[in-house]
Amino acid sequence: WHGGDEFEAFENNVGRFMSEYGMQSFPCLATIDSFTNKEDRKLDSDVINAHQKASLGTGNLMKYIENHYRVNENFESVVVLSQVMQAQAIKSAVESHRRNMPYCMGTLYWQFNDCWPVISWSSIDYSGQWKALHYQAKKFFNPVLVSILHHNEFIEFHVVNDQHKEFQSILNITLYKLDGSVVFDKSLEIQIDSFSSNIFYKIEYDKLVDSNNPSQLYLQAKLIINGFVVNKNDLVFVKPKELALQLPRFHHSINKIDKKYCITITANSFLCQLHFQSRNVPGLFSNNYFDMLPNEKVVVEFTPFDKDINNQPDFNINTLYELMN
């Protein structure tokens, strides 16, 4: 990112072992609350600048955010967008490295955590809160990965297996409109060899998209082993700021079970980058920053760091639509 290249540059810069690369983001909002007053929470405040030590500064970070997302005047939205963008950047890098196995046999993004509350390349901030990147890392570092690549005029579906065992699997490929209707659907029975990276399906972009508007499409691939989805991935054909996102519609309920909170989300529309925050009670979500199709239902668990705390978490639930509008 120091050279100003786009994410696609990762495809052309694959080494034998990628030991350090990164993208910055802001720490989580609860962590920012801990070192700022309300009047400090703006991009150019002295306090925020004091917590940015990158040589290129926040200006370069903002360039990448604005290139992929619509930025409004809300500081909190920019903070969260920075994490969504960081996760997208590192996902692009890691998947390009893993697809190139065995030429590339290792990939370690910079960095894991922070030694103080700071704008940085970390995926876990100083307070122990997971950024969007760390939630995504659970998925793109899955031992068995399905990865979708838009390469030249083709869409390729790669499967990477880091384990020393082989699998019989179903590769399910579905192209949706954002209203949930299906444009294309295909299932393949595949043999995943041990310790391998292979292309299992390839289709021309024009044939797949056909006469549909790319800004209204969402491509999803699933790997199903013994009836269970072991990994899934997605692709959109335009930058997120160009997606034809509509006002999100969903229902949610919250139930406390023992010392965990279960949040049930039922989507009534396409939800892009659905995410949860708890600024008053720190903790971890079992899943965060993910997409949902209309009529899909997901249950997410929240575990407070302090399981004996009596405060009720004040959950904030948003999507990419709210961040950009």
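Fair warning: this is a prediction, and the values are worked out from it, not measured in the lab.
- Side-chain atoms of Leu271 and Ser269, non-hydrogen and from C-beta on, do get closer than 4.5 Å to each other.
- Counted by atom type alone, Tyr69 and Gln88 present one or more donor-acceptor pairs between their side chains at under 3.5 Å.
- Within 6.0 Å of NZ on Lys207 lie no more than 12 heavy atoms contributed by other residues, nucleotides or ligands.
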For side-chain contact (heavy atoms from CB on, under 4.5 Å), just list the numbers for Leu323 and His275, CA-CA rounded to whole Å, side-chain angles, deciding distance to a tenth of an Å, and then say yes or no.
CA-CA 11 Å; Leu323 297 178; His275 56 279; 3.7 Å; yes
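- Atom CD of Glu189 has 12 or fewer neighbouring heavy atoms from other residues, nucleotides or ligands inside a 6.0 Å radius.
- Phe141 and Val94 get closest at one heavy-atom pair: CE2-CG1, 3.7 Å.
- To the nearest 0.5 Å, atoms CZ (Phe302) and NZ (Lys260) are separated by 11.5 Å.
- The closest side-chain donor-acceptor pair between Ser123 and His134 falls under 3.5 angstrom.
- Remark: the backbone N or O of Leu219 is not paired with any side-chain donor or acceptor of Asp234 at under 3.5 angstrom.
- Judged by distance alone, with hydrogens and angles left aside, the side-chain atoms of Ser122 form no donor-acceptor pair with the main-chain N or O of Asp114 at under 3.5 Å.
- Each of Tyr135, Trp130, Phe285 was scored for a ring-ring contact (aromatic ring centres under 6.0 Å, His included) with Phe276, with one residue passing: Phe285.
- Within the 4.5 Å cutoff, no side-chain heavy atoms of Tyr109 are placed close to those of Trp121.
- How far CD of Gln273 is from CE of Met292: 13.0 Å, rounded to the nearest 0.5 Å.
- When ring centroids are compared, Phe270 and Tyr176 stay outside the 6.0 Å threshold.
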side-chain hydrogen bond (donor to acceptor under 3.5 Å, both in side chains), that's the test. Do Asn172 and Ser187 meet it? Break it down for me.
CA-CA 4 Å; Asn172 176 247; Ser187 289; 2.9 Å; yes
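- Taking CZ from Arg70 and OG from Ser77, the interatomic distance works out to 12.0 Å, rounded to the nearest 0.5 Å.
- Inter-residue side-chain proximity for Val298 and Phe290 is flagged as met; some heavy-atom pair is nearer than 4.5 Å.
- The closest side-chain donor-acceptor pair between Glu95 and Asn233 falls under 3.5 angstrom.
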side-chain contact (heavy atoms from CB on, under 4.5 Å) for Ile90 and Met23? Distances and angles first, verdict last.
CA-CA 7 Å; Ile90 301 304; Met23 175 62 74; 4.3 Å; yes
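- Ring planes of Phe237 and Tyr205: perpendicular class, angle over 60° (limits at 30 and 60°).
- Side chains of Leu208 and Leu217 form no contact here, defined as non-hydrogen atoms less than 4.5 Å apart.
- The shortest non-hydrogen separation linking Ile199 to Glu156 is CD1-OE1, 3.7 Å.
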Evaluate the criterion side-chain contact (heavy atoms from CB on, under 4.5 Å) for residue pair Val80 and Asn318; output intermediate values, then yes/no.
CA-CA 10 Å; Val80 181; Asn318 278 314; over 6 Å; no
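- Residue Ser147 holds its OG atom at 6.5 Å from NZ of Lys91, rounded to the nearest 0.5 Å.
- With a 4.5 Å cut-off on side-chain heavy atoms, Ser120 and Lys131 count as touching.
- Looking at every heavy atom in both residues, Tyr289 comes nearest to Gln83 through OH-OE1, 3.8 Å.
- Linking Ile, Leu, Val, Met, Phe, Trp and Tyr residues whenever their side-chain heavy atoms come within less than 4.5 Å places Leu178 and Tyr321 in a single cluster.
- Side-chain atoms of Asn287 and Lys139 include a donor-acceptor pair closer than 3.5 Å.
- Atom CZ of Phe228 is surrounded by 12 or fewer heavy atoms from other residues, nucleotides or ligands within 6.0 Å.
- In this structure, His252 has its ring center no closer than 6.0 Å to that of Phe315.
- With rounding to the nearest 0.5 angstrom, the CG atom of Leu133 is 10.5 Å from the CE atom of Met85.
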Should Asp210 and Val183 be marked as a side-chain contact (heavy atoms from CB on, under 4.5 Å) after you check the CA-CA gap, both sets of side-chain angles, and the distance that decides it?
CA-CA 9 Å; Asp210 197 20; Val183 175; 6.0 Å; no
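- Applying the side-chain contact (heavy atoms from CB on, under 4.5 Å) test between Gln277 and each of Asp314, Asn288, Asn316 identifies Asn316 as the sole match.
- Side-chain contact of Thr107 with Tyr21: a donor-acceptor pair under 3.5 Å is present, judged by distance alone.
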side-chain hydrogen bond (donor to acceptor under 3.5 Å, both in side chains) between Gln129 and Thr31: does it pass, once the steps are laid out?
CA-CA 8 Å; Gln129 302 274 4; Thr31 303; 5.4 Å; no
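- The minimum heavy-atom distance linking Met324 with Leu81 is given by the pair CG-CD2, 4.4 Å.
- With no hydrogens or angles considered, a side-chain donor-acceptor pair links Thr174 and Asp185 at under 3.5 Å.
- Atom OG1 of residue Thr36 and atom CG of residue Asp46 lie 13.0 Å apart, to the nearest 0.5 angstrom.
- For the salt bridge (charged side-chain N to carboxylate O under 4.0 Å, His left out) test with Glu76, the passing option among Arg279, Lys42, Lys38 is Arg279; the others fail.
- Looking at Asp40 and Ser45, their side chains never bring a donor and an acceptor atom within 3.5 Å of each other.
- Listed here is the closest heavy atom pair of Asp179 and Ser181: OD1-OG, 2.7 Å.
- Counting non-hydrogen atoms of neighbouring residues, nucleotides and ligands closer than 6.0 angstrom, the OH atom of Tyr126 reaches no more than 12 such neighbours.
- Between Asp162 and Met101 the shortest side-chain heavy-atom distance falls below 4.5 Å.
- The shortest distance between side-chain heavy atoms of Leu188 and Phe157 does not fall below 4.5 Å.
- Judged by the 6.0 Å distance and 45° axis criteria, Lys202 is positioned over the aromatic ring of Phe154.
- The heavy-atom pair separating Phe200 from Ile192 by the smallest distance is CZ-CA, 4.5 Å.
- The main-chain N or O of Glu166 is never found under 3.5 Å from a side-chain atom of Gln191 such that the two would form a donor-acceptor pair.
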